[in-house]
Number of protein chains: 2
Amino acid sequence: MDTPVAPPPRRITIVDVAQHAQVSTTAVSKVLRNAYGVSPKMRDRVRQAIAELGYRPNAAARGMRGQTYTIGVMLPNIRNPFFAEILDGLTDHLADTDYQVLLGPGCNGREAEAKVTHAMIDRSMDGLILIAPISTRAHLDHVAATVPTVVVGRHGRSRAYDSVADDDFAGAALVVDHLADLGHTRIAHIEHHETDRDCLAEMPNAIRAAGYQQAMRARGLADEIDIASTTYTQDGGYLGAQQLLARPVRPTAIFAGADIVAMGALDAIAEAGLRVPEDISVAGYDNTTFAAFRPISLTSVDQAGHQIGANAARLLLDRIVDRQRPAAQVRLSPTLVTRHTTAPPPAP
Amino acid sequence: MDTPVAPPPRRITIVDVAQHAQVSTTAVSKVLRNAYGVSPKMRDRVRQAIAELGYRPNAAARGMRGQTYTIGVMLPNIRNPFFAEILDGLTDHLADTDYQVLLGPGCNGREAEAKVTHAMIDRSMDGLILIAPISTRAHLDHVAATVPTVVVGRHGRSRAYDSVADDDFAGAALVVDHLADLGHTRIAHIEHHETDRDCLAEMPNAIRAAGYQQAMRARGLADEIDIASTTYTQDGGYLGAQQLLARPVRPTAIFAGADIVAMGALDAIAEAGLRVPEDISVAGYDNTTFAAFRPISLTSVDQAGHQIGANAARLLLDRIVDRQRPAAQVRLSPTLVTRHTTAPPPAP
DNA sequence: ATGAAAGCGCTAACAA
DNA sequence: TTGTTAGCGCTTTCAT
């Protein structure tokens, strides 16, 4: 015989606080928002009443008229450790503010992205940070027209939203130059095949592939350009490497478009009985924890995810204050982290 | 000269829908909630008006009186890939419902957990799923008294909330038995040191350590029990393994309390110039993607994260419907996944 | 089965 | 500086 669960006690409201402090609800509201027009004496009284009663404002109710003090972050794939870096940068920057971050979980595909962005808008969030979205420009512009928005990890400028991204073009060149400097000429690339022409020019994967080709040309290696088109997944890396290893003349180095892709490639290479880096070099992109893990020790491009996140947070707070401010684009420079998966090519 | 950004158009409300469909707002509300008391004819008219106008309900406003159709998930550490499994199970189960999942990000420490849980309550979420919380029982009970709650990955029964967890005691025994069957006797364990006596008996890490000791005794290896107390992090694994390797007589097998700990241990072992599994065996817990990655190929305990998540979602939906239902505890059985980091001990 | 009307807790325009 | 009051968009009695 269970005792029935007690119903939750009625929540303390602004009215309770006002009564307790012997002031009007307006006064309490003003104190809550640090708004103009309360005497210090009154402010203290209200603060004390809030503390004594353990009052916390109801965000839903606030949202009906003003802000909800909530920022929504759309994360495409919770498994990619690089996104965790961005998130850290974000939350660190937002920690001292009144804003609460809530994440929209794993959305793969445009419908899922639309569902999450709509869900956030429907919940009256004050601002949105979209990480590596694959939605159409039209959808992004629509979202940004409705709520302050920052887009992370996607190139292309909009006047509706701010954006923060890594210079993927330069990042790809860092890898190619590193490998070429080591003496490699047959440098292949595994890319995420962009099916959608709408955002072809905006996606990091496409830009990395373009940067790879441009850098190869700049090094006089135009004839050696060799791309396996798969996806930015571990499987994609596995399959891509298999394709490349099956070439009549094998590449001596593989530039994987993302660390997770490099993981799959390493797998395929080991399976083929080849050694890294003695027989073949491998480089990734993102400098994830995975890459840094010593038994793997993957050469990779570091995107400074923490800074990306911090910048996105800053831009968003700015825009919440002034929605008319012209849109800004922040491009962060990547750096190469050389580890043990890249070395000079084997003697012929 | 930027054209000024157009102000977002006024949102469609239930009033617009009612006018468009020539019915009352009450009728629209009922249709939205599939409530009793609308004729099929009226329902269709309303549905059509909703579609034509592209109406989406304002969740904040709904929350003022009824539900917000939002479920909050508190995730302690976004980097642990095991949590992603749970999340998948959750979202899959919730995909067909009207509920939207929002994640409270990385909270380490009790204050952070309290902040996130409060934030979710303040936003009138309909239910909470707390994954591996480290809060006090008192706080958990308080939360659960306020809003339907399911606690995941923590033992101990409450009548206020439902819980789902893996049988960590049995899981630890799986590892010990596996290693003992291979011929190991000097089987050491790296645990997450539980500083807090309040939830000592409830935390998976403590239960795994207890299970390890019990299983060792059951195998007649009581004298060989050897525990390094660190934390469930990669660093913790690194340090723990260093401690164990420095013993006068080295263990021949290490049972790391979590895959991430095993990663750090592998690192330390490699650094010490030892081979896995020839010189020393290593097993983890969680069966993360990391463990499955072939170049690592870590023997680990699989917790069926997907099922954990699905069960949690089911229990929560149940409880939202009936808050008086007695609390349920679900214990899922773990399985051992044998890979290449465990083998018979070296000949003496 | 249908709709009018009263709030939910808060903010913001307005009066005092 | 202070308080009064009218909503925000929705749900929910309660008449009809």
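Note that this is a predicted model, so its numbers are computed, not measured. First the proteins, then the strands, lettered A, B, ... as listed; each starts at 1. Basis for what follows: all heavy atoms, side chains included, without hydrogens, waters or symmetry-related copies.
Between the side chains of A/Ser29 and A/Arg33, at least one donor-acceptor pair of N or O atoms lies under 3.5 Å.
Ring centroids of B/His93 and B/His306 are separated by 6.0 Å or more, keeping the two rings apart.
Screening residues 27-85 of chain A for ring pair (Phe, Tyr, Trp, His ring centres under 6.0 Å), with sequence neighbours left out, gives A/Tyr69-A/Tyr99.
In this entry the distance linking CG of A/Asn34 with P of C/dC10 reads 16 Å, nearest Å. A/Asp16 places its CG atom 12 Å from the P atom of C/dC8, with the value rounded to the nearest Å.
Looking at B/Arg314, its side chain never comes within 3.5 Å of a backbone N or O of B/Gly309 through a donor-acceptor pair.
Comparing the helix axis at one end of the helix from C/dA1-D/dT16 to C/dA16-D/dT1 with that at the other, each defined from 5 consecutive pairs, gives an inter-axis angle of 40° (nearest 10°).
A/Asp322 meets the side-chain contact (heavy atoms from CB on, under 4.5 Å) test with A/Gln324, A/Arg325; sequence neighbours excluded. By the salt bridge (Lys or Arg N to Asp or Glu O under 4.0 Å) test, B/Arg137 is found to be paired with B/Asp141, B/Glu202, residues two or more places apart in sequence or in another chain being considered. The side-chain contact (heavy atoms from CB on, under 4.5 Å) search around B/Arg65 returns none, not counting sequence neighbours.
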Mark up nucleotides 1-10 of chain D, 5' to 3', with B wherever a protein heavy atom is under 4.0 angstrom from a base atom, S wherever such an atom reaches only the sugar-phosphate, and - elsewhere.
-> SBBBB-BBBB

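A salt bridge is absent between B/Asp16 and B/Arg11: the closest approach of a Lys/Arg side-chain nitrogen to an acidic carboxylate oxygen does not fall below 4.0 angstrom.
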